[in-house]
Amino acid sequence: DSGVTQTPKHLITATGQRVTLRCSPRSGDLSVYWYQQSLDQGLQFLIQYYNGEERAKGNILERFSAQQFPDLHSELNLSSLELGDSALYFCASSPSGSEQYFGPGTRLTVT
Amino acid sequence: GENVEQHPSTLSVQEGDSAVIKCTYSDSASNYFPWYKQELGKRPQLIIDIRSNVGEKKDQRIAVTLNKTAKHFSLHITETQPEDSAVYFCAASHNAGNMLTFGGGTRLMVKP
């Protein structure tokens, strides 16, 4: 157990819908990262927050957004969902300038 | 941006043999290189990492080597066991706290 928690574990929804994935970092970790893992694209960085501020952005679609709250938990919002958005979404956290620890992931299935 | 290539994509070894997985990266500014192990349906788990100021790091049966000039790094697992079977990912970043760019993964199968 890495200490990073994610909810829900599984999510099944229809195309065009909107979902919110939640992540709680390890106690004391200020940085939160979101990654998408799909069969054809591998593990891809989406976005990073540090202490509530956006720090870096990867290949994140405009339909996707994220935020980090004052208690340091983070939410990833996915809207206008398409079949191709089906993937595992991982959150990771790290203390400042240190290694990243991954949560258990949320498996999103878009039907 | 950074591009990380990983080889081989699959690797099958006999229990007790060694396994080597190799990665190359493109961005000479990268200086942090972690390795993750992912079992089926589970989270990626950090198993070892190396920073650019060292050429090799060991932790029991696993070791990582880094050649900054050639821009490649490798994972070595000795005395492999069936529980080493998993997908292994290499990654690179400018600093340990920055975004990770992952290789495509290597599926390691250790046959008893």
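Each chain gets a letter, A, B and so on, in the order its sequence line appears, and its residues count up from 1. We use all heavy atoms of the structure for the numbers below, so side chains are in, but hydrogens, waters and symmetry mates are not.
Residues B:L66 and B:Y32 are members of separate hydrophobic clusters, defined by side-chain heavy-atom contacts under 4.5 angstrom among Ile, Leu, Val, Met, Phe, Trp and Tyr. In the hydrophobic cluster analysis, where Ile, Leu, Val, Met, Phe, Trp and Tyr join through side-chain heavy atoms closer than 4.5 angstrom, A:L30 is grouped apart from A:F69.
With a 4.5 Å cut-off on side-chain heavy atoms, A:Q100 and B:L46 do not count as touching. Side-chain contact between A:F45 and B:T101 is absent, with no heavy atoms from C-beta onward closer than 4.5 Å. With contacts defined as side-chain heavy-atom distances shorter than 4.5 Å, the pair B:K42/A:F102 does not qualify. Side-chain contact between B:R43 and A:Y101 is absent, with no heavy-atom pair separated by less than 4.5 Å.
Residue contact with chain B, scored on non-hydrogen atoms closer than 4.5 Å, is absent for A:Q6. Using a 4.5 Å cut-off between heavy atoms, B:P34 does not touch chain A at all. The contact between A:Y35 and chain B is made entirely by side chain atoms (from C-beta outward), counting heavy-atom distances below 4.5 Å. At a 4.5 Å heavy-atom cutoff, the contact between A:Q48 and chain B is made by side-chain atoms alone. Only the backbone of A:D1 has a heavy atom closer than 4.5 Å to any heavy atom of chain B.
Separation of atoms CG (B:L100) and CD (A:E99) is listed at 11.0 Å; rounding is to 0.5 Å.
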Please test A:Q44 against B:F102 for side-chain contact (heavy atoms from CB on, under 4.5 Å), starting from the C-alpha separation and ending with a verdict. CA-CA 7 Å; A:Q44 289 213 310; B:F102 284 89; over 6 Å; no
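More than 12 heavy-atom neighbours from other residues, nucleotides or ligands sit within 6.0 angstrom of CG on A:N51. Heavy-atom contacts from other residues, nucleotides or ligands closer than 6.0 Å to CZ of B:R107 number 12 or fewer. Around atom CD of B:Q60, no more than 12 heavy atoms belonging to other residues, nucleotides or ligands sit under 6.0 Å away. Open room surrounds CG on B:L40; 12 or fewer heavy atoms of other groups in view lie less than 6.0 Å from it. Within a 6.0 Å sphere centred on CZ of A:R107, heavy atoms belonging to other residues, nucleotides or ligands number 12 at most. Atom CD of B:E15 has more than 12 heavy atoms from other residues, nucleotides or ligands within 6.0 Å.
Closest heavy-atom contact between A:F90 and B:Q38: CZ-NE2, 3.5 Å. Nearest heavy-atom pair across B:M99 and A:Y33 is N-CE2, 4.3 Å.
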